Amino acid sequence: MYRGPALPDDAGHDDAGQAEVTTPEDVRDLVRALADPNADDAYVTHLGRPTVVLPLTGDEPVPDHVLHLAVRDGWGYLVYAGVADGYPDGFTGHPKGDPRSPGTHGSHDEYPPASGLPLPLFTEVLIRFLESAELPDAVEWVELGPVTPR
């Protein structure tokens with residue numbers, strides 16, 4: 001189960017303007033919503049993962065990860081930051097995508113050129129994340145470096 005920005009049709013949306021995505025069909029709805037030319041990028045966190053307390057958040061626990069995502073011109077983009085098995089602490093990375101995909105950006109992140117995935121693979125990666133709560137191994141991940149607070 002994850003939490004992220006609400007879907008345009010208000011499906012599953014709560015008072016905070018967020019939606020819970022709990023099924024593969026919900027993931028497909030999210031991908032369709034992000035494919036709207038007027039859609040911004042989004043971020044999701046998996047509610048089945050641990051929380052941590054960071055110096056910047058005081059005593060407030062926050063998810064140990066965040067997955068930023070965008071859909072632009074038929075490509076799906078991801079940037080993962082957080083704890084991931086087999087990766088160093090502070091891992092931030094994106095999938096090794098199709099070399100034909102251009103870079104893009106949104107309100108939450110920048111997505112480098114050649115990091116875009118065809119939408120069926122992008123959707124599969126999100127469904128695997130939903131089901132496992134782990135960094136999906138359906139793609140190769142490229143490390144961007146540690147997260148630096150702004």
Side-chain angles (χ1 to χ4, degrees), residues 1-36 39-72 75-98 101 104-112 115-150:
M1 180 177 339
Y2 16 20
R3 187 173 291 278
L7 301 177
D9 65 356
D10 293 332
H13 123 254
D14 64 21
D15 293 334
Q18 298 182 346
E20 287 192 8
V21 178
T22 59
T23 68
E25 189 55 38
D26 290 345
V27 171
R28 289 188 269 286
D29 288 344
L30 176 61
V31 171
R32 281 190 288 275
L34 290 171
D36 182 295
D40 198 359
D41 62 342
Y43 65 91
V44 295
T45 58
H46 199 291
L47 299 177
R49 290 188 54 93
T51 57
V52 295
V53 175
L54 301 172
L56 296 175
T57 63
D59 293 334
E60 183 73 26
V62 296
D64 72 347
H65 69 291
V66 65
L67 183 63
H68 294 171
L69 47 147
V71 174
R72 303 283 190 275
W75 298 104
Y77 295 89
L78 301 162
V79 171
Y80 179 92
V83 176
D85 287 343
Y87 292 90
D89 288 345
F91 174 75
T92 300
H94 63 80
K96 181 176 182 182
D98 191 303
S101 63
T104 191
H105 63 87
S107 295
H108 301 291
D109 219 324
E110 299 288 324
Y111 306 91
S115 68
L117 301 173
L119 291 183
L121 179 56
F122 175 77
T123 303
E124 177 187 343
V125 168
L126 291 174
I127 290 170
R128 286 191 184 189
F129 181 64
L130 170 70
E131 293 172 344
S132 72
E134 298 295 333
L135 187 64
D137 61 5
V139 293
E140 180 182 341
W141 291 87
V142 178
E143 186 171 6
L144 292 173
V147 175
T148 305
R150 294 182 188 193

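Computed from a prediction, not measured in an experiment: that's the story for all the values here.
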Legend entry - Nearest-0.5 Å distance that lies between atom OG in S101 and atom CZ in F122: 12.0 Å
Inset, instruction - State, to 0.1 Å, how close E143 and P88 come at their nearest heavy-atom pair, and which atoms those are. - result: OE2-CG, 3.5 Å
Legend entry - Minimum-distance pair of heavy atoms, taken over all atoms of P61 and T51: CB-OG1, 3.6 Å
Inset, instruction - Report yes if the side chains of V21 and F129 come closer than 4.5 Å at any heavy-atom pair, otherwise no. - result: no
Inset, instruction - Could you go through the side-chain contact (heavy atoms from CB on, under 4.5 Å) check for E60 and V53 one step at a time? - result: CA-CA 6 Å; E60 183 73 26; V53 175; over 6 Å; no
Inset, instruction - Answer yes or no: is there a side-chain heavy-atom contact under 4.5 Å between H46 and L67? - result: no
Legend entry - Minimum heavy-atom distance L117-G97, with the two atoms named: CD2-CA, 3.9 Å
Legend entry - L34 to A42 - nearest heavy-atom pair and separation: CD2-CB, 3.9 Å
Inset, instruction - Return each pair, listed once, that meets side chain to side chain donor-acceptor pair (under 3.5 Å) where at least one residue sits in residues 116-129; pairs must be two or more places apart or across chains. - result: E124-R128, R128-D137
Inset, instruction - Answer whether the closest heavy-atom distance between the side chains of V71 and L119 falls below 4.5 Å. - result: yes
Legend entry - Where A33 and A39 come nearest, the two heavy atoms and their spacing: O-CB, 3.4 Å
Inset, instruction - Quick one: do V83 and H65 satisfy side-chain contact (heavy atoms from CB on, under 4.5 Å)? Show the steps, please. - result: CA-CA 6 Å; V83 176; H65 69 291; 5.9 Å; no
Inset, instruction - Supply the atom-to-atom distance L78 CG to L126 CG, rounded to the nearest 0.5 angstrom. - result: 5.5 Å
Inset, instruction - Kindly indicate, with the supporting measurements, whether the criterion side-chain contact (heavy atoms from CB on, under 4.5 Å) is fulfilled by L69 and Y43. - result: CA-CA 6 Å; L69 47 147; Y43 65 91; 5.7 Å; no
Inset, instruction - Check the angle between the aromatic planes of F91 and Y80 and answer parallel, tilted or perpendicular using the 30° and 60° thresholds. - result: tilted
Legend entry - Side-chain heavy-atom pair Y87, L135 within 4.5 angstrom cut-off: yes
Inset, instruction - Take T23 and R28 through the test side-chain contact (heavy atoms from CB on, under 4.5 Å) and record every step on the way to the result. - result: CA-CA 9 Å; T23 68; R28 289 188 269 286; over 6 Å; no
Legend entry - Approximate separation, where rounding is to 0.5 Å, of E110 CD and T104 OG1: 8.0 Å
Inset, instruction - Report the distance from atom CD of E20 to atom CG of L47, rounding to the nearest 0.5 Å. - result: 5.5 Å
Legend entry - Side chain proximity check, V79 to Y111, heavy atoms < 4.5 angstrom: yes
Legend entry - Nearest heavy atoms of V125 and P136, plus distance in Å: O-CG, 3.3 Å
Legend entry - The single option from D109, T92, D41 passing side chain to side chain donor-acceptor pair (under 3.5 Å) against H68: D109
Inset, instruction - Measure the spacing between CG of D85 and OG of S132 and express it to the nearest 0.5 Å. - result: 10.0 Å
Inset, instruction - Check whether any side-chain heavy atom of P112 lies under 4.5 Å from a side-chain heavy atom of Y77, and answer yes or no. - result: no
Legend entry - Of all pairs that satisfy salt bridge (Lys or Arg N to Asp or Glu O under 4.0 Å), the ones with a partner from residues 47-59, not counting sequence neighbours: R49-D64, R49-E134
